[in-house]
Structure formats: C-alpha cells, structure tokens
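Notes for the one structure printed next.
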Amino acid sequence: MVKTPLIIKEVPKEKAIHFIRKYHYSKIIPKLCKYFLGIFSESERRLLGVVELGWGTQPLQTIRKLFPDFNLKTNDYLEIGKMCFLPEMNHNNYFGSRTLSTLIKWLKEETDCLYLYTLADGIEGKCGYVYQASNFFYCGYFKTSVYRDNRTYEKIHPRSARALLEENALFENVSKKHWLTQDFCEYKGIEKINGRMFRYIYPLTKEAKRLLKFYPYNRRNYPKDKDLVFEKRIAHRKYERISQPSFDKHASFYNVQNVD
C-alpha cells in the first residue's frame with residue numbers, strides 16, 4: 001500500500017477541540033495548550049487527526065524531575081496533551097507512527113524545543129506502543145489514581161473532583177479534603193482506581209541527545225501489557241488487584257463543565 005505523505009499545520013482551536021471531543025476517549029482539554037495541530041494527507045484536505053501540544057499541570061516540575069541536574073525550563077519541551085485520529089486511521093498503515101514522525105519534523109523546524117514529552121495512560125490499557133514504534137526514550141512510570149462512578153462508569157479525574165472534595169469535606173465536617181475518602185465514595189457510589197502512567201521523551205536536538213546520556217532512559221526496556229497494573233480501593237488504604245477497568249467516555253455527569 002502506498003503511504004501518502006502527511007502534512008501537519010495549525011488549525012483553529014475550536015475545530016481541534018470539536019475533533020478531540022468527538023474522537024478522543026477523554027473529553028477533558030488540558031488548560032495549558034500552545035498548539036492545536038491538524039493532520040492531513042497531501043492527497044486530500046480532510047482532517048485525519050489532531051494533536052494538542054502544551055503542558056500538564058506542573059510544567060516546570062515535570063522537566064526538572066526528568067533532568068534534575070540541569071536547569072531546564074518549561075519552554076525547553078512540549079507535551080502531547082491529546083492525540084487522536086479518525087476511527088478508520090487507527091491501526092491503519094502505521095498512521096500513528098507516521099503522524100509522530102511528521103510531528104517531530106514540524107517541531108524541529110518550527111520551535112526551539114529540546115524535547116517532545118508524552119505520557120501513555122496505563123489506566124486506559126495503553127503502554128505507549130505507538131511511542132515505542134517511533135523510537136521514543138522510555139523514562140519509567142508513576143502510579144496514578146482516578147475515580148469511577150460505579151453506576152455510569154464515568155471516569156472522574158482528581159482535577160475534576162473539586163465539587164466532590166468540597167462535598168466530602170462537609171460530609172466529614174472538616175475544612176478541606178485533598179482526596180475523596182472511602183466512606184464518602186461508598187456513600188456516593190464512586191470507586192477509586194489506581195493504575196500506571198508511562199513516561200516517554202524524544203530528543204529534538206543534538207544537545208537534547210547529549211543530556212539524555214546522563215540518565216538511564218532507554219529505547220530497549222519498553223513496558224508491555226504485563227506491566228499494566230490495576231487496583232481498586234476496597235477499604236481505607238486497602239486495595240485489591242482488578243482486571244482492566246472500563247469507562248464510559250460519553251458519561252459526563254461530573255465532567256459536565258468540561259464538555260459541550
């Protein structure tokens with residue numbers, strides 16, 4: 001099959017967000033967005049995919065944690081916040097890897113960034129195979145938690161749980177809560193689920209490659225399906241292993257302010 005070259009160019013924010021909310025499993029748009037990029041083929045003008053680049057909730061801490069011995073700044077990297085394609089492009093002619101290859105070329109030409117950084121969402125059963133196929137460096141994993149409504153299967157990110165935390169504080173007659181308690185979750189019909197997030201990074205310059213040599217990040221020991229771990233809280237500070245949880249990406253009772 002002939003692989004038609006891809007083109008990446010900036011698209012209006014509204015158009016990109018509409019695409020993301022239609023095709024991405026998560027409807028939440030990151031707050032710190034810098035670029036909304038559309039993916040097109042040379043042979044047709046149809047929008048085939050969207051990549052949102054920016055930063056997570058702790059931009060400076062993220063790069064400092066990855067490179068603690070160097071004084072890197074937020075502007076030294078960009079993070080893939082969202083990347084999604086038309087359904088027919090998934091698993092189609094290496095479309096994901098070709099998109100990343102085109103994106104890396106675009107970043108080298110259009111920015112002064114040292115790195116492209118991204119996370120693979122292990123709670124969604126993603127190890128980051130598309131990043132592995134694109135020769136990203138693997139930087140390890142960290143544990144993460146989400147909540148799930150056990151009636152609708154809506155996934156509730158902790159960042160979207162502010163109203164629930166306020167309700168939880170009233171429930172326990174305290175001034176503030178940082179995490180929903182087990183008693184409150186049982187009362188609300190909400191589960192707390194743990195999983196892993198896998199870190200990947202790609203150097204965009206010779207200097208970026210040089211700095212990577214000071215750290216054990218590698219292109220060999222990539223995580224696989226066996227490295228996906230899922231836990232559900234069953235009591236205060238007590239968890240049990242579970243199989244991969246499912247979520248209803250269309251349920252939006254708790255995330256109603258974040259979707260159209």
Side-chain angles (χ1 to χ4, degrees), residues 20-21 24-32 54-59 61-62 65-66 79-84 117-129 138-200 223-259:
I20 290 168
R21 286 180 171 163
H24 199 281
Y25 65 82
S26 171
K27 312 303 178 188
I28 308 299
I29 305 298
K31 291 184 176 179
L32 301 176
W55 301 276
T57 55
Q58 297 181 317
Q61 291 90 330
T62 295
K65 191 167 186 177
L66 285 166
E79 178 174 344
I80 298 175
K82 297 288 181 184
M83 182 170 72
C84 58
Y117 174 72
T118 190
L119 294 168
D121 193 348
I123 282 187
E124 292 282 349
K126 299 179 185 300
C127 300
Y129 289 128
Y138 174 54
C139 306
Y141 70 85
F142 61 91
K143 182 183 286 188
T144 188
S145 301
V146 298
Y147 302 107
R148 182 176 70 170
D149 187 311
N150 60 21
R151 293 155 296 190
T152 66
Y153 283 15
E154 177 182 1
K155 184 167 74 172
I156 310 164
H157 193 281
R159 291 197 303 272
S160 302
R162 188 178 65 178
L164 283 168
L165 288 170
E166 292 173 352
E167 186 179 349
N168 195 160
L170 289 173
F171 181 80
E172 299 203 351
N173 196 28
V174 297
S175 61
K176 193 172 186 178
K177 298 298 295 184
H178 296 285
W179 289 94
L180 301 181
T181 63
Q182 179 65 13
D183 287 345
F184 179 73
C185 284
E186 290 178 359
Y187 165 70
K188 296 289 290 185
I190 290 173
E191 301 166 315
K192 185 181 180 185
I193 296 173
N194 291 338
R196 291 175 174 176
M197 297 288 276
F198 301 97
R199 296 188 182 98
Y200 292 90
K224 304 300 179 188
D225 286 353
K226 64 179 177 56
D227 298 303
L228 294 168
V229 174
F230 310 98
E231 297 176 328
K232 183 174 73 174
R233 187 172 63 183
I234 56 174
H236 180 60
R237 295 184 177 179
K238 187 175 181 180
Y239 292 81
E240 69 176 9
R241 289 284 184 96
I242 58 172
S243 57
Q244 183 181 337
S246 59
F247 302 97
D248 184 346
K249 66 180 182 179
H250 300 294
S252 58
F253 180 78
Y254 292 104
N255 298 308
V256 66
Q257 293 180 333
N258 298 305
V259 297

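Fair warning: this is a prediction, and the values are worked out from it, not measured in the lab.
Nearest approach of Leu32 to Pro59, heavy atoms of both residues: CD1-CG, 3.5 Å. Cys127 and Leu228 make their closest contact through SG-CG, 3.9 Å (heavy atoms, listed as atom of the first residue, atom of the second, distance). The two atoms that bring Phe230 and Gly122 nearest to each other are CE2-O, 3.2 Å, heavy atoms only.
In summary, the aromatic rings of Tyr138 and Tyr200 are positioned with their centroids under 6.0 Å apart.
Each of Lys126, Lys155, Arg196 was evaluated against Asp121; a single residue qualifies, Lys155, per the salt bridge (charged side-chain N to carboxylate O under 4.0 Å, His left out) test.
Residue Ser175 holds its OG atom at 12.0 Å from CD of Glu166, rounded to the nearest 0.5 Å. Atom CZ of residue Phe198 and atom OG1 of residue Thr144 lie 11.5 Å apart, to the nearest 0.5 angstrom. In this structure, CZ on Arg148 lies 7.0 Å from NZ on Lys232, to the nearest 0.5 angstrom. Arg159 CZ to Thr57 OG1: the interatomic distance, rounded to the nearest 0.5 Å, is 5.0 Å. The structure places NZ of Lys249 at 11.0 Å from OH of Tyr25, a figure rounded to the nearest 0.5 Å. In this structure, CZ in Arg151 is found 13.5 Å from CG in Asp248, a value given to the nearest 0.5 Å.
Glu154 contributes a side-chain N or O that, together with a main-chain N or O of Tyr254, makes up a donor-acceptor pair within less than 3.5 Å. In terms of modelled atom types and a separation under 3.5 Å, the side chain of Lys27 and the main chain of Arg21 share a donor-acceptor contact. Between the side chain of Asn194 and the backbone N or O of Lys143, no donor-acceptor pair lies under 3.5 Å.
Residues Leu164 and Ile190 form a side-chain contact, since some pair of their non-hydrogen atoms from C-beta on lies under 4.5 Å apart. In this structure the side chain of Arg233 never reaches within 4.5 angstrom of the side chain of Glu191, judged on heavy atoms. Within the 4.5 Å cutoff, the side chain of Leu180 has no heavy atoms near those of the Phe171 side chain. Contact check for Phe184 versus Leu165: no side-chain heavy atoms found under the 4.5 Å cut-off. Using a 4.5 Å heavy-atom threshold, the side chains of Asp149 and Lys188 count as separate. Using a 4.5 Å cut-off on side-chain heavy atoms (C-beta onward), Glu240 and Ile242 make contact. Here the side chains of Arg199 and Leu66 are in contact, with some heavy-atom distance below 4.5 Å. Between Tyr117 and Thr62, the closest side-chain pair of non-hydrogen atoms falls below 4.5 Å.
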CA sep, side-chain torsions, deciding dist, call: Glu167, Leu170, side chain to side chain contact (heavy atoms under 4.5 Å, CB included):
CA-CA 5 Å; Glu167 186 179 349; Leu170 289 173; 5.7 Å; no

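The 12-atom threshold is exceeded at OH of Tyr129, counting heavy atoms of other residues, nucleotides or ligands nearer than 6.0 Å. The number of heavy-atom neighbours closer than 6.0 Å to OH of Tyr187, taken from other residues, nucleotides and ligands shown, is 12 or below.
Identified under the salt bridge (charged side-chain N to carboxylate O under 4.0 Å, His left out) test for residues 173-185, with sequence neighbours left out: Glu172-Lys177.
Not counting sequence neighbours, Tyr141 has no partner by the ring-ring contact (aromatic ring centres under 6.0 Å, His included) test.
Ser26 and Lys82 form a side-chain donor-acceptor contact under 3.5 Å, judged by distance and modelled atom types alone.
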